[in-house]
Amino acid sequence: MCSKCTVSCMEHLKTLQGAIAYFSDPQRAFDAAVRFRWPGGDVTCPRCSEAKHSFIKTRRIWFCYVCKKQFTVKVGTIMEDSPLGLDKWMTALWLLANCKNGISSYELGRALGVRQNSAWFMLHRIREAMKDDPRFKFGGADGGEVESDETFVGARGKNMHKDKKLRLQQLRGQERRGDIYLGKTAVMGMLDRDLRQVRCKVIPNTRRDTLQNLILKHVHGGSNVYTDQASGYDGLAKEFAHQIVNHMERYVDGRVHTNGLENFWSLLKRTLRGTYVAVEPFHLDRYVDEQVFRFNNRATKDNPLNDEDRFAFLMSKVADKRLTYATLTGKDADALHHPAADAGQEEPF
Ligand SMILES: [Zn+2]
């Protein structure tokens, strides 16, 4: 069996249809989930990490002799406590890993035959697994090139009621001090040109300390850092080979541009506008994580990833992460199972 197999080398999953058919068999879905969870084959208790247990085959659960409790393959993963089967989870994971513009909770709910509210919770838990876990810095003092840029996400004037639009414009006129855009949320991104990878974060403002602390955290000192003329980047030349392209004059100045990030912003905005429509700033970080996951795992000439590879990579990230309904919404989980929970709920909150 090869290292990145979901199933086995004899029967690679190529399509969504293939994945659904394969995982519709509970035993096959279970076996695959176990392989992802414990790649070496040694099942350990998610609570005490011990391997002293017995397996109850008929129920597909283990009994741990140390903590005297049962556990399933879902315990200690984003799927813990979910009443939905692995077949539904695997399909949802496949879809979010591979649909270029994401998938709304309405679409997923219909596709899986689950309520929209449950699908919404599922998707957010999958985004939790998608979250990047950066272990190295971008760029490098030997000529590494990094783009840095910010964008603003929020309600578009076009879809807004006239009064509200006018009010917002007036407020913006009064209170916009170069770093606050009312009704919009700032997102900062960095792109490593060699790796063709991005890192992104929702930020409270675009002030100098906010932007530069992130660059210091994620970029090697001495790297070439390309930005626009925003004042938040003033003084960056102390630590980096900082070069500016003045967007008032031109967008590209030789190698100095932020077009890689502009491309990422347009993908992000297409997903937010086209699929998710109205994202609350509180949840925006998670939608950004989702887009970053697909961008950083897209097929390139040097790295020809396919749908199964992306799915397998995502499955390898579901363990040791949890997102409870209370954390996500501030509400008790009972609200999720209440029939009225769906009523009047906007996508995605
Ligand atoms: Zn245990």
Side-chain angles (χ1 to χ4, degrees), residues 1-8 13 19 22-94 96-97 112 114 117-135 286 289-290 293 308-337:
M1 206 164 127
C2 73
S3 60
K4 57 177 194 175
C5 267
T6 308
V7 279
S8 74
L13 304 174
Y22 189 86
F23 296 124
S24 66
D25 179 84
Q27 188 60 44
R28 281 193 300 214
F30 173 79
D31 290 342
V34 170
R35 277 198 295 274
F36 282 116
R37 186 75 207 274
W38 297 284
D42 297 324
V43 175
T44 52
C45 170
R47 296 189 185 93
C48 68
S49 307
E50 295 287 341
K52 297 181 187 101
H53 48 66
S54 60
F55 181 59
I56 306 160
K57 211 174 166 186
T58 47
R59 294 170 60 203
R60 297 191 190 97
I61 57 172
W62 290 265
F63 179 79
C64 174
Y65 294 135
V66 181
C67 43
K68 312 272 185 232
K69 279 184 183 157
Q70 295 173 342
F71 62 91
T72 67
V73 70
K74 285 180 184 167
V75 171
T77 74
I78 56 157
M79 300 178 275
E80 184 168 339
D81 288 339
S82 169
L84 301 171
L86 285 170
D87 56 337
K88 289 190 174 20
W89 272 103
M90 302 274 208
T91 305
L93 282 149
W94 183 285
L96 204 63
L112 298 183
V114 304
N117 204 37
S118 304
W120 179 81
F121 186 28
M122 257 181 137
L123 288 169
H124 272 312
R125 290 201 260 183
I126 298 171
R127 290 181 188 110
E128 182 72 16
M130 285 174 149
K131 217 181 253 180
D132 204 2
D133 178 22
R135 302 212 171 139
R286 302 184 186 282
D289 291 338
E290 175 196 324
F293 175 91
E308 186 188 4
D309 298 331
R310 265 182 296 276
F311 166 75
F313 181 54
L314 184 52
M315 278 302 294
S316 76
K317 285 160 66 78
V318 302
D320 304 321
K321 280 171 198 152
R322 283 215 66 192
L323 177 65
T324 63
Y325 196 69
T327 307
L328 184 61
T329 62
K331 287 180 211 154
D332 198 273
D334 288 345
L336 179 65
H337 306 297

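Just so we're clear, the structure is a prediction, and the values are computed from it rather than from any experiment. All residue numbers refer to positions in the sequence shown, counting from 1. Note that ligands are numbered from 1 as they come in the structure, with each ligand's atoms numbered from 1 the same way.
- Screening residues 52-66 for salt bridge (Lys or Arg N to Asp or Glu O under 4.0 Å), with sequence neighbours left out, gives Glu50-Lys52.
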Just distance, no hydrogens or angles: give the donor-acceptor pairs under 3.5 Å from side chains in residues 61-71, sequence neighbours left out.
residue, atom, partner, partner atom, Å
Tyr65, OH, Ser54, OG, 3.2
Lys68, NZ, Tyr65, O, 3.0

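- Partners of Thr327 according to the side chain to side chain donor-acceptor pair (under 3.5 Å) rule, which considers only residues two or more places apart in sequence or in another chain, are Thr324.
- Around the Zn ion (ligand 1), the protein contributes the following N, O or S atoms under 2.8 Å, ordered by chain and number: Cys45 SG, Cys48 SG, Cys64 SG, Cys67 SG.
- Considering Trp89, Trp94, Phe293 as possible partners of Phe311, the one that fulfils the ring pair (Phe, Tyr, Trp, His ring centres under 6.0 Å) test is Trp94.
- Taking every heavy atom of both residues into account, Met90 and Ala32 meet most closely at CE-CB, 4.2 Å.
- Salt bridge status for Asp133 with Arg135: present, with a side-chain N to carboxylate O gap under 4.0 Å.
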